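In what follows, a structure is listed as structure tokens, so that the remarks can point back to it.
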Amino acid sequence: EIVMTQSPATLSVSPGETATLSCRASQSVRSNVAWYQQKPGQAPRLLIYGASTRATGIPARFSGSESGTEFTLTISSLQSEDFAVYYCQQYNNWPPSTFGGGTKVEFK
Amino acid sequence: EVQLVQSGVEVKKPGESLKISCKGSGYSFSVKWIGWVRQMPGKGLEWMGVIYPGDSDTRYSPSFQGQVTISADKSTSTAYLQWSSLKASDTAIYYCASTVKTGTTAFDIWGQGTMVTVSS
């Protein structure tokens, strides 16, 4: 089973700043990584798939990148509605597909 | 509109059986993988398994194999998650999710979640 390790667990950011979230895969998952946003009481929402492709309707301030087994979600010019928990997921080797433990982006 | 609508809140006792549902609409249900994700209270997301409704090909996470049954009825565009004997540790929110638009197996459409509480 591939382990996805997210860091940091909590990120304190002020509105307007840039948030950088990391996710490391325990082995190669090629570019088959997705990022999701989850707000309290809501279902997750797909932000990024294929490591860097924004899903339909996702603002351009969300971007994804990769370097080997390291994946990054960058949120530029953070807005109030971006404070949430973010999860990465690998869907290269399944079953099982696996999620990271999550990064909570909170107000600084 | 593409959507998944899940069945409502469940409160059960340990040892009871349960089947929750997820109805898809607005897309070709039979030809898209649909899966289930568990979220225990205050915890992260866990991938349980998926089914391809067109031929009922089902894949489980080893962590959930033998603990639950995933099924689908393509005639009603509905997927199901079933337990034969619930435990208190099954208390969680269960989301169904599908891979509709991206051409990958990332979940781009999610149901609203079904909260299951198991308590004596």
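Labels below follow one simple rule: chain letters A, B, ... track the order of the sequence lines, proteins then strands, and each chain is numbered from 1. No experiment lies behind these values; they were computed from the predicted model shown.
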Here the gap from L45(B) atom CG to T98(A) atom OG1, rounded to the nearest 0.5 Å, amounts to 11.5 Å

Taking atom NZ of K39(A) as the centre, report whether more than 12 heavy atoms of other residues, nucleotides or ligands fall under 6.0 Å from it. yes

Separation between OH (Y91(A)) and OG1 (T102(B)), nearest 0.5 Å, reads 6.5 Å

The reported gap from CG in L46(A) to OG1 in T104(B) (rounded to nearest 0.5 angstrom) is 7.5 Å

Report whether W35(A) and F99(A) are members of the same hydrophobic cluster (ILVMFWY, side-chain heavy atoms less than 4.5 Å apart, transitive linking). no

Next on the checklist: With a 6.0 Å cut-off (strictly less than), is the heavy-atom count around NZ of K23(B), excluding the residue itself, greater than 12?
Outcome noted: yes

Value for CD (Q38(A)) from OH (Y95(B)), rounded to nearest 0.5 Å, stands at 4.5 Å

**Prompt:** How about R59(B) and W94(A): do any of their side-chain heavy atoms sit closer than 4.5 Å?
**Reply:** yes

Here the pair of heavy atoms bringing A106(B) nearest to Y49(A) is CB-CB, 4.1 Å

### Query
Got S63(B) and P96(A) here, is their nearest side-chain heavy-atom distance under 4.5 Å?
no

Check the hydrophobic clustering (I, L, V, M, F, W, Y; side-chain heavy atoms under 4.5 Å; chains of links allowed) and say if I58(A) and L73(A) are grouped together.
yes

Okay, Q39(B) and chain A: the region with an atom under 4.5 Å from a heavy atom over there is side chain

Close side-chain approach of S97(A) to T105(B), heavy-atom, < 4.5 Å | no

Exercise. Would you say W47(B) and L4(B) are hydrophobically clustered, going by side-chain heavy atoms of ILVMFWY under 4.5 Å?
Worked result: no

Flag yes if L47(A) and F83(A) sit in one hydrophobic cluster, no otherwise; membership is Ile, Leu, Val, Met, Phe, Trp, Tyr, and two members link when side-chain heavy atoms are under 4.5 Å apart.
yes

* To do: Report yes or no: do I93(B) and L81(B) belong to one cluster of Ile/Leu/Val/Met/Phe/Trp/Tyr joined by side chain heavy-atom distances under 4.5 Å?
  => no

Exercise. So, Y36(A) side chain and F107(B) main chain: donor-acceptor pair closer than 3.5 Å or not?
Worked result: yes

**Message:** With a 4.5 Å cut-off on side-chain heavy atoms, are W110(B) and P44(A) touching?
**Reply:** yes

If one checks every heavy atom of A43(A) against chain B at 4.5 Å, the contacting part turns out to be both

Review point. Crowded around R24(A) CZ? As in, over 12 foreign heavy atoms under 6.0 Å?
Key: no

Heavy-atom nearest pair, Y87(A) first then G44(B), reads OH-CA, 3.5 Å

